[in-house]
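Below is one structure; the comments refer to it alone.
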Amino acid sequence: MKLAVVLLALLFCMLLFQLGLSQKEGQQPKPKAAKRPKSKSKVEKVADKKTKSASVKPKAKATPQPPAAQTYLTQVLDKGKFQKVGKTLSVMAGVTLELRCKGSPVQWGVPPYLQEDDDGRLRTVQHERYGTLILTKTTGADTGEFTCYPMYCEDTECRKEYDKAIKVFIFFPDPQELFVPSSDYYKVIQLGTNRPAVLPCQVTSPQAKVTLHREFPPAEVKVDGAEISFEVTRGFIIHRPKEYHTGSLYCVASLGNLRQSSTKYMLIYIHYPAAPPAPVIQASSDSMVLGQNLQVTCTVVGEQDVLVDFTWEYPGQTIGRPPYTQDSMQMVQVDGRSRLRSQSVLLVDEVREVDQGTYTCTAQNLEGSRSVSTTVKVLPSRSTNKPKKP
């Protein structure tokens, strides 16, 4: 009997266990729907913002201009044949010169002879991407520097870009002319201690041999490359002129059997000052009474043999009062050295109210000018009536 009860209990437990398994299998959890993330990473936010700004509100940006093309010069040799030019170029006299300069637009600079009179031989044309210079019936006189200037334009205004200019010195060898012709028989050249002097003995052929000569007494001048040198595109250069360089000089060129002399150059030595003058101004009084005479003195103490010019600006000019001045020069000793004192005195007789104001003196020499000023006040005249006795 007990065994039968135990078996029934086991059977009942097994039934309950099977029933529990069947219920779990029937209640399997449903898969969760994928949720949209509530927040984004910083990188995703920035990227999303950029996308929105680019697609929704595009901002107009200034289009950067492409860098300007490099300017260069070429010589047109024949149709379809070109040659890039360097610092110098030789074209036989009589041959047509044609240059091209890349750029739009460009302007041309030519030697002085062609600026004055080209007889219709010179022509310039501006194309879409380059400018052309054409010179026909060339001669030795056309020898000189040719320049192409790129132009920078804003709206309708254009200006030359000097720092980007391309220059070439062109020789036009002429079998009859070794020197570039000149209408001057004598040309005066001023020499100064602080600036080089150039004797422009320009030849039409770079192959010509050039020497420098003194007219009186006749002698060839030594060219050592230090004190005096020669450049085929400029002439002879005196680097530090001295007084003994003065006189009449000329150049001699020789090429093959041809020998010719240049224009004569009269060299005059001028003592150039080291700096502009330093004037000092002083009035006879800062306050003048009506009817008194006024003197305003402007003084410069400087180097010997350096001339100073004075000019005045004063209130009386407004009514046409003419200037009365007294100028003088005198040698003085300053710190044991001889100096030249230059002085200008402006005289104003019987001052009036219109003479009140600023007086300006400008002193000028070969190096420049400087100005100084002073102010003068005009007072009413004092009463000359004596007080009555009681």
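Source: prediction; values computed, not measured. Values below: every heavy atom of this structure, side chains too, minus hydrogens, waters and symmetry copies.
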* Taking the six-membered ring for Trp, are F236 and F230 parallel (under 30°), tilted (30 to 60°) or perpendicular (over 60°)? -> tilted
Self-check item: K264 vs D184, salt bridge (Lys or Arg N to Asp or Glu O under 4.0 Å): CA-CA, chis, key distance, verdict
Solution: CA-CA 8 Å; K264 291 182 172 60; D184 299 325; over 6 Å; no
In this structure, are over 12 heavy atoms from other groups packed under 6.0 Å from [X] atom [atom1]?
{"X": "R195", "atom1": "CZ", "value": "yes"}
{"X": "R339", "atom1": "CZ", "value": "yes"}
{"X": "N257", "atom1": "CG", "value": "no"}
{"X": "F216", "atom1": "CZ", "value": "no"}
{"X": "M266", "atom1": "CE", "value": "yes"}
{"X": "E157", "atom1": "CD", "value": "no"}
{"X": "Q282", "atom1": "CD", "value": "no"}

Ring centres of Y250 and Y265 under 6.0 Å apart? no
With hydrophobic residues grouped by side-chain heavy-atom distances under 4.5 Å, do [X] and [Y] end up in a single group?
{"X": "V221", "Y": "L199", "result": "yes"}
{"X": "V300", "Y": "V345", "result": "no"}
{"X": "W312", "Y": "V351", "result": "yes"}
{"X": "I281", "Y": "Y314", "result": "yes"}
{"X": "V106", "Y": "I134", "result": "no"}

Could you measure the distance from the [atom1] atom of [X] to the [atom2] atom of [Y]? Nearest 0.5 Å is fine.
{"X": "L212", "Y": "I228", "atom1": "CG", "atom2": "CD1", "value": "6.0 Å"}
{"X": "T297", "Y": "Q326", "atom1": "OG1", "atom2": "CD", "value": "9.5 Å"}
{"X": "I238", "Y": "L267", "atom1": "CD1", "atom2": "CG", "value": "5.0 Å"}
{"X": "H239", "Y": "E227", "atom1": "NE2", "atom2": "CD", "value": "9.5 Å"}
{"X": "L135", "Y": "R121", "atom1": "CG", "atom2": "CZ", "value": "5.0 Å"}
{"X": "C148", "Y": "K167", "atom1": "SG", "atom2": "NZ", "value": "12.0 Å"}

Taking atom types as modelled and ignoring hydrogens, do the side chains of [X] and [Y] form a donor-acceptor contact shorter than 3.5 angstrom?
{"X": "D327", "Y": "S344", "value": "yes"}
{"X": "T204", "Y": "E177", "value": "no"}
{"X": "S248", "Y": "E215", "value": "yes"}
{"X": "Y113", "Y": "Q115", "value": "no"}
{"X": "Q333", "Y": "S338", "value": "yes"}

Would you name the heavy atoms of [X] and [Y] that are closest together and state the gap between them?
{"X": "S342", "Y": "F310", "result": "O-CZ, 3.6 Å"}
{"X": "V203", "Y": "T143", "result": "O-CG2, 3.7 Å"}
{"X": "E303", "Y": "L340", "result": "O-CB, 3.6 Å"}
{"X": "Q356", "Y": "V376", "result": "CG-O, 3.4 Å"}
{"X": "S287", "Y": "S285", "result": "O-OG, 2.8 Å"}
{"X": "V252", "Y": "F179", "result": "C-CZ, 3.9 Å"}

Are the charged groups of E145 and R234 less than 4.0 angstrom apart, N to O?
->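 No salt bridge links E145 with R234.
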- Charged N to carboxylate O below 4.0 Å: is that the case for D119 and K137? no
Under a 4.5 Å cut-off applied to non-hydrogen side-chain atoms, are [X] and [Y] in contact?
{"X": "R129", "Y": "S104", "result": "no"}
{"X": "L133", "Y": "R123", "result": "no"}
{"X": "I170", "Y": "V91", "result": "yes"}
{"X": "I270", "Y": "L366", "result": "yes"}
{"X": "Q75", "Y": "L89", "result": "yes"}
{"X": "P276", "Y": "S369", "result": "no"}
{"X": "Y149", "Y": "T147", "result": "yes"}
{"X": "H213", "Y": "T211", "result": "yes"}

Next item on the list: Without swapping roles, check the side chain of D142 against the backbone of P111 for a donor-acceptor pair under 3.5 Å.
Entry: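 Flag not set: sc D142 to bb P111 has no pair under 3.5 Å.
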Per side-chain contact (heavy atoms from CB on, under 4.5 Å), F172 is matched among T139, L97, V180 by L97
Paired with L191, the side-chain contact (heavy atoms from CB on, under 4.5 Å) test is passed by just one of K242, E243, H245, namely H245
Qualifying residue, where the test is side chain to side chain donor-acceptor pair (under 3.5 Å) with S373 and the options are T362, T360, T358:
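Between S373 and the candidates, side chain to side chain donor-acceptor pair (under 3.5 Å) is satisfied uniquely by T360.
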Going by chain and number, the hydrophobic cluster around V76 (ILVMFWY, side chain to side chain under 4.5 Å) further includes F82
- prompt: Is the Lys NZ or Arg CZ of K102 less than 6.0 Å from the centre of Y130's six-membered ring, within 45° of the axis?
  reply: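 Negative - K102 is either too far from the ring of Y130 or too far off its axis.
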